Amino acid sequence: MNNWKRNVSLFLGGSCITMFGSMLVQQSVVWYITLETQSGVIMALMSAAGAVPMLLASPFAGIWSDRYSKKLIINLADGAIAFVTLLLAATFSLGFEHIALLIVILAIRGFGQGVQSPAVASFLPEIAPADKLIKVNGYNSSIQSVVSFLSPVAAAALIATVAIQSVLYIDVITAAIGISILVFFVKSAPPREKTHEQKPALREMSEGFKYIKTQPFIIQMMLVSILVNVFTAPAAHLYPLQIVRHFGEEPWRLMVGSLAFSAGMFAGGAIIGSWGGFKNKIHTVAFGVGAVIICTIGLATSARFGNFVAYALITRIYGIFLPVFNAPVMTMFQTKVDPEYMGRVFSAFMMLIGAVTPVSMAVWGPLADFISINTLQIISTAGLASAIFILLGSKSLSLAGKA
């Protein structure tokens, strides 16, 4: 790994380009369908089209990541998504425009992302030293925050000025650039030689779950991640509604809240990338959750008293500490999980988190129509506190968190 900095920089740079095109198209398609149909049913169908295929792909994606070259899987997923996007762009350019085709594309893209995500997460340990992974994950979080910030802005500008097929072509171009960088410039270690014969997919999936059961730190960290994702929802996902209810319906307030959160996420990724966290990663995770609890109380309090300046500032600080939680968790999996099972562990983890967030919102969302969001946020801190007790009270987590 003599050239690991070059490899990581090229990989993250190529991923940034690909991700920007992908999120640009994703946002543009969603807004296009919304403007064309203005239908709640279609909106629900869109959401399902993106989420369900991703969840279905995840278990098999982990198996493929453990069996085959992760670099190849990343490129094949990117290439397949770009190819079907190109076909759709050509179809629309010829005048055959239909909303159903866009929903099909969302489903295919969701499946492709489900295949790609475990491969990307388990590929980083192949190109970066174990003791640098937490910094790499921090910088990766910052890059994702920048893309998440810029892509909706660009999508809004494009969807208002050019035809949807022109936006689709952009994704094809960015995918081609990202694939080229990964193929020709990013060098990775040769695939590990398999010590066992290839088994049926369902059997390998079952062995992956059996491996997880034998690793207490994986189960406990998954439990902590579930608690954090469930109990950060009132602050992380309901803040636009909170802004409207407590500060007014002016669009600029929503924009400020969104920008503050994205800016915080970027800063947090950069901080954890340069700092690296405490010597024991579990202490860094617990510190991040504790800071989120304080910020959640601050959001509820500033909203209660109608102080929007304080609310925006706390929103930014809140965004800073999410990467402080996430980066060490990813690093622990990347350094402590047996490489033979890493893809399957990441697929199980991502599938779990992918399912938890919408399910929790199905509870918090309706509750917000009957109970003040401020109250829900205060209640949620109890769940976050329970995550800290698990983190600091578990011997297996403490052992796994050591460098």
Side-chain angles (χ1 to χ4, degrees), residues 1-26 54 57-58 60-87 89 108-130 132-148 150-151 168-192 269 273 327 330-331 333-335 339 342-344 346-347 350:
M1 290 191 179
N2 292 333
N3 296 320
W4 72 269
K5 289 184 178 179
R6 173 184 178 276
N7 270 338
V8 169
S9 298
L10 287 168
F11 177 65
L12 295 184
S15 297
C16 176
I17 294 170
T18 305
M19 190 192 312
F20 177 74
S22 183
M23 292 188 69
L24 177 67
V25 166
Q26 192 88 1
M54 186 181 298
S58 291
F60 299 98
I63 295 171
W64 296 332
S65 293
D66 289 334
R67 278 186 183 179
Y68 309 115
S69 164
K70 299 172 182 62
K71 184 175 173 179
L72 177 63
I73 291 172
I74 295 168
N75 281 329
L76 286 177
D78 268 340
I81 292 172
F83 179 70
V84 295
T85 303
L86 177 62
L87 290 180
I108 294 173
R109 293 174 69 87
F111 186 87
Q113 289 168 7
V115 169
Q116 188 184 67
S117 295
V120 170
S122 53
F123 180 65
L124 281 173
E126 293 186 3
I127 61 174
K132 304 297 182 183
L133 277 171
I134 191 167
K135 294 190 174 186
V136 172
N137 284 317
Y139 291 132
N140 189 31
S141 177
S142 284
I143 290 172
Q144 292 176 3
S145 300
V146 171
V147 172
S148 298
L150 293 178
S151 55
L168 297 176
Y169 284 122
I170 293 175
D171 188 33
V172 178
I173 296 170
T174 56
I177 295 172
I179 291 171
S180 299
I181 291 174
L182 187 54
V183 169
F184 296 111
F185 300 104
V186 178
K187 309 298 181 184
S188 60
R192 297 172 69 250
M330 296 295 288
T331 304
F333 284 154
Q334 290 166 339
T335 55
M342 191 175 295
R344 279 166 283 183
F346 269 118
S347 70
M350 292 175 179

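Note that the coordinates shown come from a computational prediction; the quantities given were computed from them, not determined experimentally.
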Would a 4.5 Å heavy-atom cut-off, applied to side chains only, mark [X] and [Y] as touching?
X    : Y    : result
V120 : F346 : no
C16  : V147 : yes
Q116 : I81  : no
K132 : W4   : yes
I127 : F11  : yes
K70  : W64  : no

Checklist entry - Counting distance only, does the side-chain N/O of N140 pair as donor-acceptor with the main-chain N or O of V136 below 3.5 Å? => result no
Output the distance between atom [atom1] ([X]) and atom [atom2] ([Y]), rounded to the nearest 0.5 Å.
X    : Y    : atom1 : atom2 : value
Y68  : L72  : OH    : CG    : 10.0 Å
S22  : Q113 : OG    : CD    : 5.0 Å
F123 : S15  : CZ    : OG    : 9.0 Å
M330 : S122 : CE    : OG    : 9.0 Å
T331 : L124 : OG1   : CG    : 9.0 Å
L12  : I17  : CG    : CD1   : 11.5 Å

Shortest non-hydrogen separation from [X] to [Y] and the atoms involved:
X    : Y    : result
D66  : P339 : OD1-O, 3.8 Å
K135 : G273 : CG-O, 2.9 Å
A77  : G112 : CB-O, 3.8 Å
S65  : G343 : CB-CA, 3.9 Å
Q334 : A121 : NE2-O, 2.9 Å
I73  : A119 : CG2-CB, 3.9 Å

Side-chain atoms of residues 173-183: list all donor-acceptor pairs with protein atoms under 3.5 Å, sequence neighbours left out, distances to 0.1 Å.
unit_1	atom_1	unit_2	atom_2	d
T174	OG1	I170	O	3.2
T174	OG1	D171	O	3.0
S180	OG	A176	O	2.8

Item to check | Derivation of the side chain to side chain contact (heavy atoms under 4.5 Å, CB included) call for V186 and R6 | outcome: CA-CA 8 Å; V186 178; R6 173 184 178 276; over 6 Å; no
Next on the checklist: Please tell me whether T85 and R109 have a donor and an acceptor in their side chains that are separated by less than 3.5 angstrom.
Outcome noted: yes
